[in-house]
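Just so it is clear: chains get the letters A, B, ... in the order the sequence lines come, proteins before strands, and each one is counted from 1.
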Amino acid sequence: MRAAVITFPGSNCDEDLQWALTEISGIPADLVAATATTLTGYDAVFLPGGFSYGDYLRSGAIARFSPIMTAVKKFAAAGGFVVGICNGFQILTEAGLLPGTLQWNTSLHFICAPAPLEIVNSDTPFTNAYPAGTTITLPIAHGQGNYYADPATLVALETNHQIIFRYTDNPNGSVHDIAGITNAAGNVLGMMPHPERAMETLLGSTDGRGVFQSLIHTMEGAGSNVAN
Amino acid sequence: MLQTELSPEQIQTTKPYRQWDMSDAEYDRFTALIGHLPTFTEVGLASGMWSEHCAYKYSKPVLRQFWTKNENVLMGPGEGAGVIRIGDGLAVVFKAESHNHPSAVEPYEGAATGVGGIIRDIFSIGAKPIAILDSLRFGELTDPRTRQLLDQIVAGIAGYGNAIGIPTVGGETAFDNAYARNPLVNAMCVGIMREDQLQKGRAAGIGNAILYVGAKTGRDGINGASFASGTFSDTEDADRAAVQVGDPFMEKLLTDACLKVTNEHQDALVGMQDMGAAGLVSSSAEMAAKADSGMALNLDLVPQREPDMTPFEIMLSESQERMLLCIAEGHEQEIIDIFAGYGLDAVVIGRVTPGHAYQLTHHGATVCDIPVSALTTDAPVYHQQSTMPVRLIAPADDFQPVITDMNAAWIELMNQPTMASKASLYQRYDAQVQTNTVVLPGSDAAVLRIKGTKRALALTTDSNGRYIYLDPYQGGAMTVAEAARNLVASGATPLGITDCLNYGDSTKPEVFFELEESAKGMTAATKVFNTPVISGNVSLYNETNGTPIYPTPMVGMVGLIEDCSTITTQEFKQADDLVYVVGQTRPDFNGSEIQKMITGSIGGRLAPIDLHVEKAHHDLVLAAIRTHLVTAAHDLSEGGLLAALAEMGLPKYIGAELQVDIPTSWLFAETPGRFLITVRPEHQAAFDDIMGDSARLLGRTVAAPQFTIQAPNRTFTTTIAALEKSWEDGIPCRMK
Amino acid sequence: MFKAKIYVNYKPSVLDPQAEAVKTALSRMGHDNVTHVLYGKYFELTLTSTDKASAQAEVETICDRLLANVNMETYRFTLVPVPVEVD
Amino acid sequence: MFKAKIYVNYKPSVLDPQAEAVKTALSRMGHDNVTHVLYGKYFELTLTSTDKASAQAEVETICDRLLANVNMETYRFTLVPVPVEVD
Ligand SMILES: Nc1ncnc2c1ncn2[C@@H]1O[C@H](COP(=O)(O)OP(=O)(O)O)[C@@H](O)[C@H]1O
Ligand SMILES: [Mg+2]
């Protein structure tokens, strides 16, 4: 299994994600520039946190026009695993790969704090390493993590079990306490909390490892998922 | 907008330089140095370069006495930042900077650009920035303007630091009326690099290129140091000294590109410096001066955001996110291409020249032709008069609190804004990006591991204007001692310090006395704790309606932890640990938080601090930590023993039962040099062996979430819940 | 040449935290008579297009794709011709 | 009752990184004919005031104190009477 971590201008969690993948989870990962046009050779694609293009206008609004996003869409359409974390989630919603939008936290402040999460669906390629019904704590660090979707979309998310992570103590005003969702096909994940920041006992928590382990389980079970 | 500049003769007679804070004597000195009547541009450049901000003309005699070198210092003051060796071929780079005045006027952008500026100082040395700390002082939160300043200054620091991806891991926030209209905003940045990548700001080698990189130049903060608006233009005055707006996105690209140049193109890079105060003129003249070179720049080539900028404006603009590089001749395109890859402007604007002249051309005309030294090394230095302030000659009587209800006093103390939880502020900072932060804000010192090694760095900022106000010398020494104590409590050996010297108008002899004496006290302490001053910054003229702020030198200290397994935090870990206090407690209440709380002001003398005893305690505590005997350690500072005890018990709701042999009111005393430490019962003998009679057993931690304290005069019990509520509400409730 | 004046704001059905904050701040400042706050973005784009219909279409595309997030925002704009300077 | 339509934007001399970012994004997306971008805020406040002069003064205060940062921004506004609904 080989992963790509996309570096958009202004991404700042790209190296953290690469470290979590390569050094801790044993998944070789390359940083791929937003100007690249192909994702050939990768089994999973990660869109990292940060402030792509300064988050100017709206977070993720400008990044979605990067050349790499055409490749990401193709990759996702072919069933490849795509994970957007924090700013990556924002980019995926702007790009239309995930429904809804992330707007300003109700406090209008950036919040950096541990967030307890309920794993709502542990039967996904991203959460199958967590026992069903687990509560984990992952750090959040965002100003615009307040998830919004219209009522019809919410109904669809609930009925298709696309809500993967829910805050147990909603920090930002997200509807239905949503912290992470997948697309309808289940191969694209967006989440505001940072699993890559909860990988080492020294840094206080290993609760994030399950996201990466789940992918490894899934890939081992399925063999390499995407034929490029 | 066309502007007719005054001729040299007109300048001589109408003396416009007076409004830029240049005296007649300075004008005469400058004229003599350059050998002709200065042009408008020349005298303008001199006014910027000879300002306190660039030339340190008032503070240099004080700074010269700092102790700046030990065997580990690779680079001391004088460059963008100082550098200290930490082993494994690595070095730590750090510096602090004040942005008090810009933040008072425009809090969000002032604080943001303060952070941006200090980051550039770090990567200009070749280091990757890994952490930011912020030391803040405000007036009282009862004032709506103060509440707005606090909110916007924190927002500005967050807005810049979070976006650029450098964690803000620590700092301090305190409140006192002395800072009412003059908040202090000091930011410190820490970086890491390989020793062999050390980069200096020099422009050497005749023919080498001067490369301008980053944002375009606009009329932002022109001559921020000495410009008084409305002085030399008839139109558009209001827009002249436009506010500087930070662009962290641009700075992120600039950081990455510059580090790529230092890491991968060493042979092309001769020198690099950021454009800070007095912008292009100070960076270019200083780079020439340090290499003993001449320099010629063509101002038409400088990227400009606005039309019709004058040479004066181009050279003294303080537009943000700009760097100046000296590139070996022939390598220009190679470096320009790197910046282009990040979407950044990079333009050759001049060359290193033979001789020592500093020459500027604009629209085909020479607008400046003077010796480099006239702007740099030959700037004046003044030896100020120093007079002891009256308040120090006849201090008030010693303060002794009379406390009838210990429980209520303790709860109220935790609610004082200076004591209260700062979580509502630092939660707005991303403290974890880069995934190195082991100890987050909320502890004595922030701790960051260094990937690929067993090592970690501990970082803290400390300042206590109250103490220095009461006794500049002792207070100066105590500030350094407190910083060292914070690092030791985390398990780190202090390595060195950076400082921001925040004072009032030092042309007042009383203010200069405070500056001089506190620097002496700091120097004495740095020698004892083996923490040379490797960088720093001076901010004078901090006054509210003519009243100076408390003299407030901020000390940023960095320490080394050789082995991550010895990182120690302050919270109680479990019930039944033994609780010890290290150091003697005396009735020291002058300048204390309890004095402020009860009387509304401070006064009295400070008892002398014994630096050698304190250093001995530090060594013992570190020895105990390194043999894994200590489960928690916390230094005692503002609020004394009870404040520290509360902070240790709160995080895990673990209480304690203690017995003391002093009057209960002394539990609020701020005698320096003390720690609270916990130890597993089975390690009691080993711990006692190391500490001897420097540590006293007070009692033990208990599962019940309350503190019970037995003293000769009374016994009292206080619940953690009550303390916590009061502590957590302290700031948020006053911000509403 | 045309100047497009573009207004982007939240759909009425979406709660806007920024507008809410302004409203709260106003009532704290004593401006209780402000009953409703709309918080939007305003852009002016200068386009070199010479033909109004094509400028119209282009601005629409720009709004749909970049300036507004149509999940939660709506936009409207006006186009005014700008006199081209002759040298 | 009045509706105030308020425009707030940066003074021309102040760097606006957001406007720059939008302009760069537009040209990357192929909209090279957009030569200038202004990025501002737009507010609509509904005030219950019945007297235009006092509404005018109040909106000015609100802009000066809250909606605009007069160090870096300028603002302008218009006031239009709103018919009060009768029930
Ligand atoms: N402005 C700030 N930015 C970041 N952290 C802060 C700030 N103010 C306070 N803190 C954090 O809050 C904690 C308590 O601060 P303080 O009481 O000054 O600690 P100490 O007295 O141990 O130096 C520290 O961990 C400090 O880093
Ligand atoms: Mg401390």
Side-chain angles (χ1 to χ4, degrees), chain A residues 6-14 32-38 47-74 84 86-88 90-97 101-110 142-144 146, chain D residues 2-49 55 58-78:
Chain A
I6 313 296
T7 301
F8 297 92
S11 291
N12 64 32
C13 301
D14 47 343
V32 174
T35 46
T37 50
T38 165
L47 279 64
F51 289 68
S52 53
Y53 296 92
D55 268 5
Y56 294 139
L57 191 60
R58 293 181 311 277
S59 42
I62 298 178
R64 74 172 261 228
F65 294 106
S66 311
I68 194 67
M69 286 309 291
T70 310
V72 171
K73 281 183 188 164
K74 226 174 94 190
C86 199
N87 193 230
Q90 295 163 338
I91 296 169
L92 290 175
T93 59
E94 283 284 343
L97 285 168
T101 314
L102 293 140
Q103 54 165 339
W104 263 105
N105 298 346
T106 39
S107 66
L108 296 185
H109 287 162
F110 189 97
H142 57 244
Q144 293 164 25
N146 175 355
Chain D
F2 290 92
K3 185 180 267 185
K5 303 182 171 193
I6 306 169
Y7 302 79
V8 177
N9 53 257
Y10 274 6
K11 292 179 184 170
S13 60
V14 175
L15 170 76
D16 185 350
Q18 298 224 68
E20 287 298 308
V22 169
K23 188 156 170 249
T24 316
L26 285 175
S27 89
R28 245 196 336 257
M29 290 161 67
H31 299 285
D32 301 305
N33 57 331
V34 178
T35 56
H36 186 255
V37 174
L38 176 140
Y39 187 137
K41 292 179 202 158
Y42 173 71
F43 301 91
E44 278 179 18
L45 305 188
T46 312
L47 295 98
T48 54
S49 328
E58 181 166 8
V59 173
E60 226 156 84
T61 316
I62 289 175
C63 289
D64 280 332
R65 296 184 59 202
L66 185 69
L67 302 184
N69 176 338
V70 290
N71 285 328
M72 333 169 33
E73 294 171 326
T74 54
Y75 62 87
R76 63 197 162 84
F77 64 89
T78 56

| Minimum heavy-atom distance A/Ile62-D/Ala25, with the two atoms named | CG2-CB, 3.7 Å
| remark: When rounded to the nearest 0.5 Å, the distance separating CD of D/Gln18 from CZ of A/Arg58 is 11.0 Å
| field | Enclosure of D/Arg65 CZ (heavy-atom neighbours >12, cutoff 6.0 Å) | value | no
| task | For side-chain contact (heavy atoms from CB on, under 4.5 Å), just list the numbers for D/Tyr39 and A/Leu57, CA-CA rounded to whole Å, side-chain angles, deciding distance to a tenth of an Å, and then say yes or no. | result | CA-CA 9 Å; D/Tyr39 187 137; A/Leu57 191 60; 3.8 Å; yes
